[in-house]
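Note that the coordinates shown come from a computational prediction; the quantities given were computed from them, not determined experimentally. The figures that follow rest on heavy atoms only: side chains count, while hydrogens, waters and symmetry mates do not.
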Amino acid sequence: MLRKPSSHISKFLFSSAIQKQKRTMGSQPASPLHFGPFEVTSQVFLTTPYSFALVNLKPLLPGHVLVCPRTPHRRLTELGPAELTDLFQAVQRVQRMLARRYFAVPRPAAEAEESYSSDGSAVNDSDADADGIVAPDGTPDAGSFNIAVQDGHEAGQTVAHLHVHVIPRIRYQTAKNGEGPGDKIYEWMAAEDGNVGGALWDREVKKLRSQLGSRPEPGGGFPSIEDSERHPRTTEIMEAEAEEYRTVLRQMDEE
């Protein structure tokens, strides 16, 4: 007859699983990860049992990242319950990390009277949102987010691997209202600026060109540089950003 594990053993196993997951979250992936057909391991800063998050080759705004299921499902409706739960829990964790990184920004010149939140954190009346809610720096309520899924080709999906766009909107800088880009990011997402798949394809072509050289042209001409090739960031910049996010996640895990 099988005996049910004691509560002490169950708590130990649960605690060990949580600690193992935390160590994985803020560390570099141990095995290659792919976003569609593209290998993106060095861009990944968060892994969970069913999902991963990576820095964007063509971010629309600072902090624009992607969260994907490990299995390359094309559509949101293809995810099972465990995958769906894990994906959006990862989205929430990424939001908290980005808030800590981006939602502690300098105030406008006009200073407001400083006060304190219920947890003792210093806040400022100028940090109130449109509803009058004042939140401590570094918390999700100290800014806002665009969370977007282009679910299918007709919706603008350029990589046939489901991904969630997480875009921080930084108060006084990139918020919808004010001097930031406003609603233009929705146009950018559907245009070349948001063409993630095209940018990754361009990168792979560039790798081949570096190995093979440019395609021979009659008369010694050279192909023109596509405008889309000027926007993507370098691998070094993306790796540095991914490591910065891993550091913030490790700090969050230690608290």
Side-chain angles (χ1 to χ4, degrees), residues 2-41 43-56 60 63-101 139-141 143-169 186 189-190 194 196-197 200 242 245-246 248-250 252-253 255:
L2 295 175
R3 299 180 62 183
K4 184 178 179 181
S6 69
S7 60
H8 294 294
I9 294 176
S10 298
K11 288 179 180 179
F12 173 76
L13 293 175
F14 178 76
S15 176
S16 298
I18 293 296
Q19 291 303 317
K20 181 179 179 181
Q21 183 171 340
K22 283 185 175 182
R23 287 195 298 272
T24 304
M25 281 183 170
S27 59
Q28 195 162 4
S31 57
L33 288 170
H34 289 79
F35 176 39
F38 308 106
E39 201 268 310
V40 294
T41 310
Q43 296 170 234
V44 173
F45 61 88
L46 170 70
T47 58
T48 68
Y50 295 101
S51 311
F52 64 91
L54 67 152
V55 299
N56 201 341
L60 298 178
H64 177 189
V65 301
L66 307 175
V67 184
C68 314
R70 286 178 177 263
T71 302
H73 297 298
R74 293 186 309 109
R75 305 297 297 269
L76 187 62
T77 49
E78 294 175 9
L79 271 66
E83 292 175 305
L84 185 64
T85 299
D86 185 88
L87 179 69
F88 282 96
Q89 285 181 336
V91 168
Q92 288 183 325
R93 185 162 181 79
V94 167
Q95 284 185 272
R96 295 187 182 99
M97 182 278 294
L98 292 173
R100 179 172 292 208
R101 169 61 181 82
T139 63
D141 283 335
S144 298
F145 289 92
N146 286 111
I147 309 295
V149 177
Q150 293 166 297
D151 192 27
H153 178 71
E154 289 82 2
Q157 185 186 59
T158 58
V159 178
H161 185 159
L162 178 71
H163 50 284
V164 182
H165 296 263
V166 184
I167 309 174
R169 303 300 291 267
Y186 306 118
M189 187 173 290
V196 178
L200 289 166
Y245 294 160
R246 291 186 203 112
V248 177
L249 286 166
R250 286 193 292 267
M252 292 168 62
D253 290 337
E255 295 178 352

Set of residues satisfying side chain to side chain contact (heavy atoms under 4.5 Å, CB included) with respect to Ala99, sequence neighbours excluded: Phe103, Pro140, Phe145
Candidate pair Val94 and Val164, rule side-chain contact (heavy atoms from CB on, under 4.5 Å), full reasoning: CA-CA 11 Å; Val94 167; Val164 182; over 6 Å; no
Under the side chain to side chain donor-acceptor pair (under 3.5 Å) test, residues paired with Arg96 that sit two or more places apart: none
Non-hydrogen atoms of Ala90 and Ser51 that approach each other most closely: CB-CB, 4.3 Å
Inter-residue atom distance Arg246.CZ - Met97.CE, 0.5 Å rounding: 10.5 Å
Polar side-chain atom of Asn146 near backbone of Ile167 as donor-acceptor pair, under 3.5 Å: no
Gln95/Ile147 under side-chain contact (heavy atoms from CB on, under 4.5 Å): CA gap, chis, key distance, verdict: CA-CA 10 Å; Gln95 284 185 272; Ile147 309 295; 4.0 Å; yes
Under 3.5 Å donor-acceptor, Arg70 side chain and Leu33 backbone: no
Summary of salt bridge (Lys or Arg N to Asp or Glu O under 4.0 Å) pairs that have at least one residue in residues 146-159, sequence neighbours excluded: Arg75-Asp151
Heavy-atom pair with the smallest gap, counting every atom of His34 and His161: O-CE1, 3.4 Å
Taking every non-hydrogen atom, the tightest pair across Val159 and Gly36: CG1-CA, 3.9 Å
Short side-chain to backbone donor-acceptor contact, Gln157 and Arg74, under 3.5 Å: yes
Contacts of type side chain to side chain donor-acceptor pair (under 3.5 Å), residue Glu39, not counting sequence neighbours: Thr41
Full working for side-chain contact (heavy atoms from CB on, under 4.5 Å) between Leu249 and Arg93: CA-CA 9 Å; Leu249 286 166; Arg93 185 162 181 79; 3.7 Å; yes
Approximate separation, where rounding is to 0.5 Å, of Phe52 CZ and Asp86 CG: 12.0 Å
Test side chain to side chain contact (heavy atoms under 4.5 Å, CB included) applied to Arg100 - qualifying residues, sequence neighbours left out: Val248, Gln251, Met252, Glu255
Those residues that, when tested against Tyr245, pass ring-ring contact (aromatic ring centres under 6.0 Å, His included) (two or more places apart): Phe45
Trace of the side-chain contact (heavy atoms from CB on, under 4.5 Å) decision for Leu76 with Leu84: CA-CA 8 Å; Leu76 187 62; Leu84 185 64; 3.9 Å; yes
Atom pair CG (Leu54) and NE2 (His163), whose distance is rounded to the nearest 0.5 Å: 9.5 Å
Under the side chain to side chain donor-acceptor pair (under 3.5 Å) test, residues paired with His73 that sit two or more places apart: Glu83
